[in-house]
Amino acid sequence: MVTIKELPKEEYLLKGNPACAGCGSAISLRLLFKALGSRIIMIVPACCTTVIQGPYPYAAFNVPMLNIVFEATGAAASGVVAALKRRGIKDVTVIGWAGDGGTVDIGLQALSGAAERGTDFIYICYDNEAYGNTGMQRSGATPFGAWTTTTPTGKREHKKNMPLIMAAHGIPYVATAIPSYPLDFIRKLRKAKEIKGTKYIHILSPCPVGWRFPHNKTIEIGRLAVQTGMWALFEIENGKFKLNPPSSGLLNKEKRKPVREYLKLQGRFRHLTDQDIMEIQRWVDETWENYKKMISC
Ligand SMILES: Cc1ncc(C[n+]2csc(CCOP(=O)(O)OP(=O)(O)O)c2C)c(N)n1
Ligand code: SF4
Ligand SMILES: [Mg+2]
């Protein structure tokens, strides 16, 4: 079991980095480095993280990283894994770290190829539910109803279920996480590191700027995402689906808070009608009915 006390004191995400205050992605990066240490290579496409990292020689990452084009995380990671193998280096973990746009939209093909080849790496999608770096355009991971600059009256399609798409590749490990539950995230990272093949972790990453909430509410918003069932914490290990706490206690609809409690704290949902909120609630309940079926399979 992971405890806060046993986490290393070393910081590999350095102070003074240009992340927005309260950025869920920066919190997740800090946790990632604490969980896995410095024997990693980060593969990062164009996204907010390339800004958080900053330019050489002032980079805020104290770990090796490779910046690559927007669509190529899976392909570039495959190349780095092959190069390490060729050089006989076995103790370095390759991490693909990309946003939702770079994962569920433009990077899907390269990621799918890497998963199909069973490339031995951990791919992490940090999902702020929009194209943050270019000013908040909608992505395939933007939820129904959310304001973005390209959905000024609210997106009309639901969020793509990327973890299940990755599970359909038959890879050995798929998991979801959120920085509001840090020990769950760290446990999953360490487990993924020990498994051979392609591992996929999808983090919901609250973004104060794009979601329009005060920057001191990141952790609270993330907890509400889980408590309302808008985001579920689960693992799919060798095809077996399992909900993790606290989501494992929320299968019964009565245990989940109404989605309205999560939506009302965010400016991006301010314009929603009662009908829109009912549609989001219906979608969440339907998603959880699917989880029930996946548990009983
Ligand atoms: C082929 C290509 N198209 C568009 C861009 C411009 N671009 C850079 S980052 C970005 C958005 C990235 O969004 P996401 O992957 O969700 O990461 P976030 O910025 O939200 O962290 C876009 C559209 C690009 N670099 N390359
Ligand atoms: S726009 Fe959002 S995801 Fe990007 S750095 Fe700012 S808070 Fe983080
Ligand atoms: Mg994004």
Side-chain angles (χ1 to χ4, degrees), residues 13-33 42-55 59-61 65-77 95-112 123-143 146-151 155 157 159-160 162-163 165-166 176-180 185 200-222 225 231 265-269:
L13 176 63
L14 303 177
K15 289 178 188 168
N17 67 69
C20 308
C23 172
S25 316
I27 300 170
S28 303
L29 272 169
R30 185 172 175 231
L31 293 170
L32 162 70
F33 296 154
M42 298 286 288
I43 317 295
V44 182
C47 57
C48 279
T49 302
T50 42
V51 178
I52 296 173
Q53 150 220 332
F61 282 15
M65 74 176 292
L66 176 64
N67 283 132
I68 39 93
V69 292
F70 197 17
E71 59 273 44
T73 311
I95 313 279
W97 172 274
D100 49 303
T103 301
V104 316
D105 295 336
I106 196 167
L108 184 57
Q109 181 193 12
L111 170 59
S112 176
Y123 187 105
I124 303 173
C125 171
Y126 71 95
D127 180 1
N128 60 2
E129 301 191 318
Y131 289 74
N133 188 38
T134 41
M136 294 301 156
Q137 295 80 21
R138 64 86 94 184
S139 81
T142 303
W147 165 92
T148 66
T149 52
T150 46
T151 54
K155 189 185 170 195
E157 301 82 24
K159 187 179 178 74
K160 206 186 265 192
M162 191 63 196
I165 292 171
M166 289 312 293
T176 57
I178 193 159
S180 304
F185 178 38
Y200 179 81
I201 300 179
H202 197 116
I203 313 169
L204 185 67
S205 188
C207 165
V209 176
W211 298 12
R212 301 183 166 192
F213 63 81
H215 59 73
N216 60 351
K217 297 270 181 224
T218 305
I219 299 300
E220 185 183 330
I221 295 272
W231 190 243
L265 298 181
Q266 302 172 55
R268 64 176 174 157
F269 294 118

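Treat the numbers as computed from the prediction; the structure is a model and nothing was measured. Each ligand, and each atom within it, is numbered from 1 in the order the structure gives. Numbering starts at 1 and runs along the sequence shown.
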Open item on the list: Could you tell me if the side chain of T218 sits less than 4.5 Å from the side chain of F213, heavy atoms only?
Closed with: yes
TODO: State whether G102 contributes an N/O/S atom found under 2.8 Å from the Mg ion (ligand 3).
DONE: no
Open item on the list: Could you tell me, atom by atom, which parts of ligand 2 come under 4.0 Å of a heavy atom of M136?
Closed with: 1 (S)
Open item on the list: For atom 11 (C) of ligand 1, tell me which residue out of W97, Y126, Y131 has the closest non-hydrogen atom.
Closed with: Y131
Task: Between CD on residue E129 and CZ on residue R268, distance to nearest 0.5 Å - done: 4.5 Å
Task: N/O donor-acceptor pair under 3.5 Å between K155 side chain and P143 backbone - done: no
TODO: Spell out, as yes or no, whether a donor-acceptor pair under 3.5 Å connects the side chain of T148 to the backbone of Q137.
DONE: no
Open item on the list: Suppose you place the vertex at the Mg ion (ligand 3); what is the angle out to D100 OD1 and N128 OD1, to 10°?
Closed with: 90°
Task: Exam field: side chain K160 to backbone V104, donor-acceptor pair closer than 3.5 Å - done: yes
Task: Minimum-distance protein heavy atom relative to atom 3 (N) of ligand 1 - done: F70 CD2, 3.7 Å
Task: D105 side-chain N/O to G140 backbone N/O, donor-acceptor pair under 3.5 Å - done: yes
TODO: Could you find the nearest protein heavy atom to atom 8 (Fe) of ligand 2 and give me its residue, atom name and distance?
DONE: C23 SG, 2.3 Å
Task: Heavy-atom nearest neighbour in the protein, as seen from atom 9 (S) of ligand 1, with distance rounded to 0.1 Å - done: N133 ND2, 3.3 Å
Open item on the list: Can you confirm whether D127 sits close enough to M162 that some side-chain heavy atom of one is under 4.5 Å from a side-chain heavy atom of the other?
Closed with: no
- [ ] May I ask you to identify the nearest protein heavy atom to atom 4 (Fe) of ligand 2, giving residue, atom name and distance to one decimal place in Å?
- [x] C48 SG, 2.4 Å
Task: atom 6 (Fe) of ligand 2 [closest protein heavy-atom partner, distance rounded to 0.1 Å] - done: C20 SG, 2.3 Å
- [ ] Would you mind checking which non-hydrogen protein atom is closest to atom 2 (Fe) of ligand 2, with the distance to 0.1 Å?
- [x] C207 SG, 2.3 Å
Task: Within reach of ligand 2, part of A19 (heavy-atom separation under 4.0 Å) - done: neither
Open item on the list: Using a 4.0 Å cut-off to any heavy atom of G132, which atoms of ligand 1 qualify?
Closed with: 18 (P), 19 (O), 20 (O)
Task: Donor-acceptor under 3.5 Å (W147 side chain, G210 main chain) - done: no
Task: Contacting atoms of ligand 2, where contact means under 4.0 angstrom from a heavy atom of P208 - done: 7 (S)
Open item on the list: Counting backbone and side-chain atoms alike, is an N, O or S atom of Y131 positioned under 2.8 Å from the Mg ion (ligand 3)?
Closed with: no
- [ ] Determine whether S25 and Y126 make a side-chain contact, defined as any pair of heavy atoms from C-beta on separated by less than 4.5 Å.
- [x] yes
Open item on the list: Please check whether T134 reaches ligand 1 - meaning an N/O of the residue sits under 3.5 Å from an N/O of the ligand, judged on distance alone.
Closed with: no
Task: Identity and separation of the nearest protein heavy atom to atom 3 (S) of ligand 2 - done: N128 ND2, 3.2 Å
Open item on the list: Does the residue S25 have a heavy-atom contact with ligand 2, meaning some pair of atoms that are separated by less than 4.0 Å?
Closed with: yes
TODO: Decide whether an N or O pair under 3.5 Å exists between A46 and ligand 1.
DONE: no
Open item on the list: Out of all atoms in ligand 1, which are within 4.0 Å of some heavy atom of G101? Include the element for each.
Closed with: 14 (P), 15 (O), 16 (O)
Open item on the list: Just to check, does H215 reach to within less than 4.0 Å of ligand 2 when the distance is taken from its heavy atoms?
Closed with: no
Task: Donor-acceptor pair, side chain of T151 and main chain of A146, under 3.5 angstrom - done: yes
- [ ] Classify the contact between S25 and ligand 1 as side chain, backbone, both or neither, using a heavy-atom distance cut-off of under 4.0 Å.
- [x] neither
Open item on the list: Out of all atoms in ligand 1, which are within 4.0 Å of some heavy atom of N128? Include the element for each.
Closed with: 18 (P), 20 (O), 21 (O)
Task: 4.0 Å heavy-atom contact, S139 with ligand 1 - done: no
Open item on the list: Taking the side chain as everything from C-beta on, heavy atoms only, tell me whether P206 gets closer than 4.5 Å to P179.
Closed with: yes
Open item on the list: Do Y131 and T150 have side chains that approach each other closer than 4.5 Å (heavy atoms only, starting at C-beta)?
Closed with: no
Open item on the list: Between ligand 1 and C48, is the shortest N or O to N or O distance under 3.5 Å?
Closed with: yes
Task: Beyond-backbone contact of L13 with F33, side-chain heavy atoms, under 4.5 angstrom - done: yes
Task: Any N or O of G102 closer than 3.5 Å to N or O of ligand 1 - done: yes
- [ ] Fit a plane to each ring of Y200 and Y123, take the angle between them on a 0 to 90° scale, and name the class: parallel (under 30°), tilted (30 to 60°) or perpendicular (over 60°).
- [x] parallel
